[in-house]
Protein chains: 2
Amino acid sequence: MDTLEKVFEPDVLSANCPSRTLFNHVTSRWGVLVLIALQNDTMRFSELRRKIEGVSERMLSQTLKLLEEDGFVDRKAFDVVPPHVEYSLTPFGQEVSKRVRELASWIEGNLGDILAAKQP
Amino acid sequence: MDTLEKVFEPDVLSANCPSRTLFNHVTSRWGVLVLIALQNDTMRFSELRRKIEGVSERMLSQTLKLLEEDGFVDRKAFDVVPPHVEYSLTPFGQEVSKRVRELASWIEGNLGDILAAKQP
DNA sequence: GGAAGTACATACAAAAATGTAAGTATGGAA
DNA sequence: TTCCATACTTACATTTTTGTATGTACTTCC
């Protein structure tokens, strides 16, 4: 290396590293679930709302907007009445979704053992 | 299958599935970072606090306690003065940590491209 | 003798996340 | 003609999370 390389190493453990912000969005309470829900399908707002049990409309739209700004979710609106909007993952979104899914699947798949090992 | 099998399928998308609770703990703001920080080392409380930029003592101990209850973190206290406590991951903790790390690493490694693709 | 370091707990305060209810626009069904 | 459905937004209230400050116990260093 003869020039200034690697001046900046992204690290989620650093308080103001941009990767930390992105990581927080992705791992947010509803963010993870949106990513999982959209993994293989294009879905409409109300479908997502039904699939992700417990989200309010407010939180769902807020989360979708955030993930859209970050470039993980793609929003396609059709100008009709009643409104029709389709959400899907961008290529970046699919990459993160895959990893979030793996984490969720591992927990789901080992739930029995994990619960059995808990003491309190 | 001649008996009642698969009566219950864990699913993080279900509001009151236990896997959702565990998933929330693991993907909580500080939970993810604790899991990452402990990945290869045993660490003391104050080391963790220094490594995870931005955590307060309060949040760190709260998070550690939660992850310990879930069986992901192991706490070993030595009865000396000044206090000496070591935290490490249980085998379950290592499994989840691995997956959380993969997500974080992907984001860190693609940070430039992700940021470049953002519009707003 | 006073200060520092350790791993917390606890009380209180402030900030952030989330929920609830209502409103918007419009076409079509009942 | 009233109601429904869609995809939101906005205001307001409440809950949850997070932070700050302080205290504890004991030993060692200065």
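Because the structure is a prediction, the values reported are computed rather than measured.
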Engineer: Quick one: side chain to side chain donor-acceptor pair (under 3.5 Å) partners of B:T21, sequence neighbours excluded?
Structural biologist: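 Here no residue qualifies.
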Engineer: Show every salt bridge (Lys or Arg N to Asp or Glu O under 4.0 Å) that has at least one partner inside residues 78-97 of chain B, sequence neighbours left out.
Structural biologist: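 Listed by first then second residue: B:E95-B:K98, B:E95-B:R99.
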Engineer: What is the per-nucleotide protein-contact pattern of nucleotides 6-21 of chain D, from the 5' end, where B denotes a base atom under 4.0 Å from a protein heavy atom, S denotes such proximity for sugar-phosphate atoms only, and - denotes neither?
Structural biologist: BSBB-B------BBB-
Engineer: Walking along DNA chain C from 5' to 3', note the first and the last nucleotide with an atom under 4.0 Å from a heavy atom of chain B, and give both.
Structural biologist: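 Boundary nucleotides touching chain B, in 5' to 3' order, are C:dG5 to C:dA11.
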Engineer: Excluding sequence neighbours, so at least two apart, what forms side-chain contact (heavy atoms from CB on, under 4.5 Å) with B:P10?
Structural biologist: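 Partners of B:P10 by the side-chain contact (heavy atoms from CB on, under 4.5 Å) criterion, ordered by chain and then number, come out as A:E108, A:L111, B:F8, B:C17, B:S19.
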Engineer: Report yes or no: do B:W106 and B:L115 belong to one cluster of Ile/Leu/Val/Met/Phe/Trp/Tyr joined by side chain heavy-atom distances under 4.5 Å?
Structural biologist: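 Yes, B:W106 and B:L115 fall within the same hydrophobic cluster.
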Engineer: Could you go through the side chain to side chain contact (heavy atoms under 4.5 Å, CB included) check for A:I107 and B:V26 one step at a time?
Structural biologist: CA-CA 10 Å; A:I107 292 176; B:V26 166; 4.3 Å; yes
Engineer: Does anything in residues 29-45 of chain B pair up under salt bridge (Lys or Arg N to Asp or Glu O under 4.0 Å), and if so which pairs, sequence neighbours excluded?
Structural biologist: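 Listed once each, the pairs are B:D41-B:K51.
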Engineer: For the side chain of B:S28 and the backbone of B:H25, is there at least one donor-acceptor N/O pair under 3.5 Å apart?
Structural biologist: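 Side chain of B:S28 to backbone of B:H25: a pair is present.
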